[in-house]
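Each chain gets a letter, A, B and so on, in the order its sequence line appears, and its residues count up from 1.
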Protein chains: 2
Amino acid sequence: MSRNTREDVVVAAGRMFATHGYDATSMRELGRELGLLGSSLYSHIGSKQDLLVEVVHRGAALFQASADASLDAGAGRARLRALIAGHIGVVLDHRDEVQTFLNEARALDATHRAQVLHERNTYEQAFRNAIGAGGTDGSIIDAERDPKTTASFVLSILNAVDRWYSDTGPLSRDQLVDEIMAFAGLWEGAEQ
Amino acid sequence: MSRNTREDVVVAAGRMFATHGYDATSMRELGRELGLLGSSLYSHIGSKQDLLVEVVHRGAALFQASADASLDAGAGRARLRALIAGHIGVVLDHRDEVQTFLNEARALDATHRAQVLHERNTYEQAFRNAIGAGGTDGSIIDAERDPKTTASFVLSILNAVDRWYSDTGPLSRDQLVDEIMAFAGLWEGAEQ
DNA sequence: CCTACCGATCGGTAGG
DNA sequence: CCTACCGATCGGTAGG
């Protein structure tokens, strides 16, 4: 058993914040999870709040990276599909950071909380832009749909995916993406 | 200023649990909100956990009442519309109880948490049944859609409505219901 | 990473 | 609904 690294501490904190919530996680419990005392954690980090900031930031960065990558997929419907597939991957493969990002932001100090809200708005804007562009270029069938409302609907579905979807269930991730595109009236099963 | 009633305590607790979370709400803060000391709350209630159980139960009862009322609206698409409209009403008009029900259930003791999960499943089943029946009787257009997945999508949207919808915005509640029905491919704008 | 500790705050009770 | 209090636990520090 070698010593814990700062990375170990952040990862374990994410797991506990996501599972029990920030306020319900004590530094002593977090230490026990890593096999050391609560007070020993302070050789790795400055404060409990610092840990929350770092975990939330990791969640935000994952979504941002997905949004950036979606630009390579094209525009309109093609970009929207990349955004949806990317979001599903982030949510299912990084549950701890994502749940902390989505549910524990209210435990952040005002400055960081405002920053997170801003990051979420920027990310949501990517969905609105892709939907709006898809209406204009004809790659999305129902061009009458309001991009703002549609983006809210799609993101509501995406953020809740981890509550019911399982990789070992009847639906593959690709099929899930198609279901959401079809559900949203954004795709009809045709190519291109 | 007359004395506080037990009802006052439960209502204020719901507000604070929804806003700051159960663990971040102290009995002293709750007392201050009502103009009394934390210790004085115990003449109204047995424990902090009792308060959480009561607030969560109120949220569950509101959804259950909506599901019961939806039976009078008919079956298939008509019942689904009543379920969606009812859910939106509950979410927007009882935010404190609903947010506590949806987000703070993990702070419940194991017994009550299991009970809440069971109530949620029963409620979700009403959506599945209405969607399934609508596929069979032809009142829902895309009969190929899986009722389980569709119900998950619809409930994801409904539970997040309070995060972005405003009664003073461009969309009325009735229009919101129509948008969700259309989004879900469950309605085409035609009568019946 | 531990020992030893700090002041603050927690949920809750006895008794009025 | 208050006074006076309880033991437990909290985040965090000094010093090694």
Side-chain angles (χ1 to χ4, degrees), chain A residues 1-57 96 100 103-113, chain B residues 1-57 96 100 103-113:
Chain A
M1 282 277 265
S2 63
R3 288 191 149 212
N4 287 293
T5 63
R6 182 190 156 87
E7 177 69 16
D8 296 331
V9 175
V10 175
V11 169
R15 193 165 56 239
M16 300 200 69
F17 293 165
T19 309
H20 309 292
Y22 176 76
D23 290 300
T25 300
S26 77
M27 297 303 278
R28 284 161 177 86
E29 283 172 328
L30 176 56
R32 199 179 315 136
E33 191 85 356
L34 294 163
L36 44 78
L37 295 177
S39 58
S40 301
L41 294 167
Y42 290 89
S43 57
H44 295 289
I45 54 128
S47 70
K48 187 186 176 187
Q49 175 80 202
D50 285 351
L51 270 180
L52 178 61
V53 168
E54 175 133 358
V55 174
V56 167
H57 177 257
D96 296 338
T100 304
N103 303 327
E104 303 300 320
R106 68 178 170 192
L108 287 170
D109 58 88
T111 305
H112 286 103
R113 195 169 55 243
Chain B
M1 281 279 262
S2 63
R3 290 192 148 210
N4 287 293
T5 64
R6 182 190 155 87
E7 177 68 16
D8 296 330
V9 175
V10 176
V11 168
R15 194 166 55 238
M16 301 199 68
F17 292 165
T19 309
H20 309 291
Y22 177 77
D23 289 300
T25 300
S26 76
M27 297 304 278
R28 284 163 177 83
E29 284 170 327
L30 177 55
R32 198 179 316 134
E33 190 85 357
L34 294 162
L36 44 79
L37 296 177
S39 58
S40 301
L41 293 166
Y42 291 88
S43 58
H44 294 291
I45 53 126
S47 71
K48 188 186 177 187
Q49 176 80 202
D50 285 352
L51 269 180
L52 178 61
V53 168
E54 176 133 357
V55 174
V56 167
H57 177 258
D96 296 337
T100 304
N103 303 327
E104 303 300 320
R106 67 179 170 193
L108 287 169
D109 58 88
T111 306
H112 287 103
R113 196 169 54 242

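Remark: the backbone N or O of A:M16 is not paired with any side-chain donor or acceptor of A:T19 at under 3.5 angstrom. A donor-acceptor contact shorter than 3.5 Å is absent between the side chain of A:Y22 and the backbone of A:T100. Using modelled atom types, one side-chain atom of B:N4 and one backbone atom of B:L34 make a donor-acceptor pair closer than 3.5 Å. Using a distance-only test at 3.5 Å, with no hydrogens or angles considered, a donor-acceptor pair links the side chain of B:Q49 to the main chain of B:D109.
Within 6.0 Å of NE2 on B:H57 lie no more than 12 heavy atoms contributed by other residues, nucleotides or ligands.
Contact annotation: B:S26 side-chain N/O to C:dC10 OP1/OP2 distance is under 4.0 Å. Look at A:S40 and you'll find a side-chain N or O under 4.0 angstrom from OP1 or OP2 of C:dC2.
Distance, B:M16 CE to C:dG11 P: 11 Å, rounded to whole Å. Spacing between atom CG of B:D23 and atom C1' of C:dC10 amounts to 11 Å, rounded to whole angstrom units. When rounded to the nearest whole Å, the span between CD of A:E33 and P of C:dC1 equals 14 Å. With rounding to whole Å, B:L41 atom CG is found 14 Å from C:dC10 atom C1'. One interatomic measurement links the two molecules: NE2 of A:H44 to C1' of D:dT13, which rounds to 16 Å at whole-angstrom precision. Computed from coordinates, the B:R3 CZ to D:dC1 P distance equals 5 Å when rounded to whole Å. The nearest whole Å value for the distance from the CG atom in A:L30 to the P atom in D:dG11 is 10 Å. Between the CZ atom of A:R32 and the P atom of D:dG11 there is a distance of 12 Å, given to the nearest Å.
Annotation: of the two residues near DNA chain D, A:E29 and A:S39, the 5′-most nearest-nucleotide partner is A:E29. When the nearest nucleotides of DNA chain C are assigned to A:R28 and B:Y22 by heavy-atom distance, the more 5′-ward of the two goes with A:R28.
In this structure, of D:dT13, C:dG12, D:dC1, it is D:dT13 that holds the atom nearest to the side chain of A:Y42. Looking at the side chain of A:L36, the nearest of the listed nucleotides D:dC1, C:dC2, C:dG11 is C:dC2.
Summarising the base pairing, C:dT3 is matched to D:dA14 through a Watson-Crick or G-U wobble pair whose two defining distances lie under 3.5 Å.
A:L37 comes within 4.0 angstrom of a base, heavy atoms only. Backbone-only engagement by B:S47 is indicated by non-hydrogen atom pairs under 4.0 Å involving sugar-phosphate atoms exclusively.
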